[in-house]
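Structure record follows, encoded as structure tokens.
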There are 2 protein chains.
Amino acid sequence: MKTTKTASSKTDSHRWFTEELSKHLARKNLKQTKQRQALIDVFIELATHVSAEELHIAARAAGLDVGLATVYRTLNLLSDAGLVEQKQFSEGRFVYEIVEPGGHHDHLICLDCGTVIEFANDEIERLQEKVAAKHQFKLTSHRLDLFGHCQKVNCDRRN
Amino acid sequence: MKTTKTASSKTDSHRWFTEELSKHLARKNLKQTKQRQALIDVFIELATHVSAEELHIAARAAGLDVGLATVYRTLNLLSDAGLVEQKQFSEGRFVYEIVEPGGHHDHLICLDCGTVIEFANDEIERLQEKVAAKHQFKLTSHRLDLFGHCQKVNCDRRN
DNA sequence: GTGAATGCAAACATTTTGCAGGGTG
DNA sequence: CACCCTGCAAAATGTTTGCATTCAC
């Protein structure tokens with residue numbers, strides 16, 4: 001019975017996240033519900049790139065009785081609030097990722113075992129701006145995913 | 001009535017594409033059919049990023065009686081053959097793009113009017129390799145999409 | 001108490017698949 | 001003439017929506 005998700009063990013970023021959400025809800029006259037709070041707790045504990053279904057399963061495993069529709073609605077809410085980002089690494093389904101206060105990063109994805117490594121590279125970002133400028137674009141965001149094969153000994157070459 | 005799609009007006013790249021496909025079909029013991037050939041002709045004439053449904057509509061407009069399932073099957077075939085690439089610019093549907101003999105390129109996408117500009121930047125590619133190497137990855141491919149706003153006078157800020 | 005949130009099931013959109021008939025090599 | 005390809009409709013997948021009920025403020 002996971003008991004770590006309730007109160008005292010909240011990290012700073014967990015607390016920050018919860019506060020940001022509260023602000024957003026207040027701003028939009030939306031309501032703080034048990035499901036929303038709990039889903040976020042579970043999400044933050046998973047602490048990775050999570051699909052709606054995975055979050056649903058994890059939530060139910062944690063004893064929360066929540067429907068898949070609510071998971072989607074909550075993820076969309078968090079997306080609107082700018083607290084999570086919708087990504088797509090493999091075809092046909094989205095994964096969601098918590099937006100950390102500080103920074104943006106890109107992804108390095110192993111095609112064999114599915115491992116996702118996050119990285120940031122200022123030099124690449126600078127070059128992107130240069131490209132955009134050359135075409136008279138004002139950049140708002142970008143997506144850079146590198147696909148390849150990791151060299152981990154336990155990388156499973158199936159999947 | 002589009003009459004340009006039939007014979008003499010084939011470009012070099014059109015011809016190259018058709019030949020590559022023939023090779024692939026022969027290699028795999030697959031068959032050359034009217035639909036496949038015609039779909040490719042239509043695809044190449046569109047000459048842009050095309051969704052399965054758009055290609056289907058264009059094909060029917062060109063007088064070809066083809067089912068949507070065949071369009072998908074053909075696009076997947078071309079994908080396997082390495083002649084087209086499946087991309088995803090907006091959520092929920094794929095677009096397909098012809099792979100030109102020479103080169104890879106990335107995309108600059110206007111969020112207002114949907115314009116897609118292709119670009120290539122060796123320096124960025126080199127940095128990507130460097131990032132991958134640092135994490136002991138062997139890179140096979142990547143995806144770089146820059147999103148922003150173009151400054152065209154006729155860019156429609158709706159959509 | 002009013003309006004928003006939930007759970008369920010039905011609706012949706014896109015892509016895939018099973019099957020019987022037709023065409024290619 | 002074997003086997004691939006096609007068209008159609010049904011299935012599969014992932015996400016959204018309508019509705020009656022429940023719950024937060």
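Within every chain, numbering begins at 1; the chains are lettered A, B, ... in the order of the sequence lines, protein sequences first and strands thereafter. All values reported here derive from a predicted model rather than from experimental measurement.
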What is the distance, rounded to the nearest whole Å, between atom CD1 of B/Ile40 and atom C1' of D/dC5?
14 Å
Spacing of B/Leu30 atom CG relative to D/dT6 atom C1', expressed in whole Å
14 Å
So what does B/Arg36 touch, heavy atoms closer than 4.0 Å: a base, only the sugar-phosphate, or nothing?
sugar-phosphate
Of B/Asn29 and A/Arg93, the one whose closest nucleotide on DNA chain D sits nearer the 5' end is B/Asn29
Rounding to an integer number of Å, can you tell me how far A/Leu68 CG sits from C/dC8 C1'?
11 Å
B/Gln32/B/Ser22 under side-chain contact (heavy atoms from CB on, under 4.5 Å): CA gap, chis, key distance, verdict
CA-CA 7 Å; B/Gln32 199 108 32; B/Ser22 290; 3.5 Å; yes
Return the value, rounded to whole Å, for the distance between atom CD of A/Gln32 and atom C1' of C/dA4.
13 Å
Round to a whole Å and report the spacing from CG of B/Leu25 to P of D/dC3.
18 Å
Starting at the 5' end of DNA chain D, which residue's closest nucleotide do you reach first, B/Ala69 or A/Tyr96?
B/Ala69
Kindly point out which of D/dT6, D/dC8, C/dT15 is positioned nearest to the side chain of B/Gln35?
D/dT6
Which of these nucleotides, D/dT17, C/dT15, D/dG7, is closest to any side-chain atom of B/Tyr72?
C/dT15
Quick one: does any side-chain atom of B/His49 pair with a main-chain N or O of B/Phe94 as donor and acceptor, under 3.5 Å?
no
Between CG of B/Leu21 and C1' of D/dC4 the distance, given in whole Å, is 15 Å
Would you call the rings of A/His104 and A/His142 parallel, tilted or perpendicular, where under 30° means parallel and over 60° means perpendicular?
perpendicular
Test item: side-chain donor near acceptor, B/Gln35 and B/Arg73, under 3.5 Å:
no
Taking the side chain of A/Glu53 as its heavy atoms from C-beta onward, which of D/dT15, C/dT15, D/dG14 lies nearest to it?
D/dG14
For B/Arg73 and C/dC19, what is the distance between atoms CZ and P respectively, to the nearest whole Å?
13 Å
Output the single nucleotide from D/dT16, D/dT15, C/dT24 whose closest atom is nearest the side chain of B/Lys31.
C/dT24
Output yes when at least one side-chain N/O atom of B/Thr33 is less than 4.0 Å from OP1 or OP2 of D/dT6, else no.
yes
Distance, rounded to the nearest Å, where B/Gln37 contributes CD and C/dT24 contributes C1':
14 Å
Under a 3.5 Å distance rule, please check whether A/Thr74 uses its side chain to pair with a backbone N or O of A/Arg36 as donor and acceptor.
no
